[in-house]
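Scroll down for the structure; my scribbles are underneath it.
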Amino acid sequence: MGLEAFPFKPGSPTKAVPGYCVEILDGDGVAMPPNQEGAVAIRLPLPPGSMLTLWNDEARLKDTYLTRYPGYYLTGDGGYIDEDEYIFIMGRIDDVIIVAGHNLSTGSMEEGLVEP
């Protein structure tokens with residue numbers, strides 16, 4: 001596999017760029033199977049030149065992005081990866097509506113509204 005163009009899939013920005021190992025994790029940090037929604041995380045180490053710190057707040061970088069899933073950078077996005085390794089971002093993980101004890105992502109609701 002090189003850097004060739006991939007076929008277009010509606011709703012996906014495509015596959016991960018080489019050097020990034022993007023995974024979907026459940027609440028316990030376990031990798032989810034294809035087409036299952038969870039937290040979008042990038043396995044460490046990040047490629048050179050990627051987010052080394054937050055300006056004037058290195059502690060916040062660690063607390064916000066590196067603590068929840070050890071060994072991963074948490075993007076703050078929720079989504080899934082399909083069987084062809086295409087990434088789908090459904091929204092922010094803190095952008096959830098809770099109804100009767102069920103967590104509903106706004107991205108999933110939007111996707112359902114636009115399906116034929």
Side-chain angles (χ1 to χ4, degrees):
M1 263 179 101
L3 295 176
E4 68 276 357
F6 295 111
F8 175 76
K9 280 196 178 188
S12 173
T14 195
K15 300 180 183 191
V17 174
Y20 288 84
C21 180
V22 179
E23 295 185 31
I24 306 301
L25 305 178
D26 69 10
D28 296 322
V30 176
M32 302 288 289
N35 299 306
Q36 297 292 311
E37 258 188 77
V40 179
I42 303 170
R43 185 183 300 263
L44 298 176
L46 295 175
S50 298
M51 190 157 195
L52 303 174
T53 188
L54 290 179
W55 187 57
N56 288 334
D57 203 346
E58 219 163 303
R60 185 169 152 235
L61 171 74
K62 184 176 179 184
D63 292 342
T64 304
Y65 300 102
L66 302 173
T67 302
R68 184 169 178 189
Y69 300 113
Y72 289 90
Y73 167 79
L74 178 63
T75 67
D77 295 315
Y80 64 94
I81 298 175
D82 74 5
E83 60 282 345
D84 298 322
E85 299 182 5
Y86 279 72
I87 301 168
F88 291 82
I89 304 297
M90 303 308 294
R92 301 293 294 165
I93 55 176
D94 58 357
D95 190 15
V96 174
I97 299 171
I98 301 172
V99 178
H102 298 282
N103 294 341
L104 306 172
S105 82
T106 55
S108 293
M109 289 188 274
E110 290 171 12
E111 183 180 38
L113 291 171
V114 297
E115 288 181 355

**Study point:** Atom of G27, atom of Y69 and distance for their closest heavy-atom approach
**Key:** CA-OH, 3.9 Å
Practice item. Not counting sequence neighbours, list each pair that qualifies as a salt bridge (Lys or Arg N to Asp or Glu O under 4.0 Å) and has a residue in residues 46-58. Key: none
Which donor-acceptor pairs under 3.5 Å do the side chains of residues 5-12 make with protein atoms, sequence neighbours left out?
| residue | atom | partner | partner atom | Å |
| --- | --- | --- | --- | --- |
| K9 | NZ | D82 | OD2 | 2.6 |
| K9 | NZ | D84 | OD2 | 2.7 |
| S12 | OG | T14 | N | 3.0 |
| S12 | OG | I87 | O | 2.6 |

Revision key, fill the gap. Sequence neighbours excluded, the answer for salt bridge (charged side-chain N to carboxylate O under 4.0 Å, His left out) partners of R60 is none
Check your understanding: Got a second to check how far R92's CZ is from T75's OG1, nearest 0.5 Å?
Key -> 6.5 Å
Study note, to complete from the structure: For Q36, the side-chain contact (heavy atoms from CB on, under 4.5 Å) test, sequence neighbours excluded, returns M32, P33
Exercise for review: Return the set of residues passing ring pair (Phe, Tyr, Trp, His ring centres under 6.0 Å) with Y65 (not counting sequence neighbours), or none when no residue passes.
Suggested key: Y73
Review point. If you round to the nearest 0.5 Å, how far is CD of E37 from CD1 of I81?
Key: 12.0 Å
Practice item. With sequence neighbours left out, write down each residue that passes side-chain contact (heavy atoms from CB on, under 4.5 Å) with N56, or none if nothing qualifies. Key: none
Practice item. Could you note down all residue pairs passing salt bridge (Lys or Arg N to Asp or Glu O under 4.0 Å) where residues 18-36 supplies at least one of them, sequence neighbours left out? Key: E23-R43
Practice item. List in chain and number order the residues that pass side-chain contact (heavy atoms from CB on, under 4.5 Å) with P47, two or more places apart in sequence or in another chain; answer none if no residue qualifies. Key: Y20, S50
Practice item. Indicate, with yes or no, if L46 and V17 share a hydrophobic cluster defined by side-chain heavy-atom contacts under 4.5 Å among Ile, Leu, Val, Met, Phe, Trp and Tyr. Key: yes
Review point. Honestly curious: do V40 and L66 fall in one hydrophobic cluster under the side-chain, below-4.5 Å linking rule?
Key: yes
Check your understanding: Excluding sequence neighbours, so at least two apart, what forms side-chain hydrogen bond (donor to acceptor under 3.5 Å, both in side chains) with N35?
Key -> E83
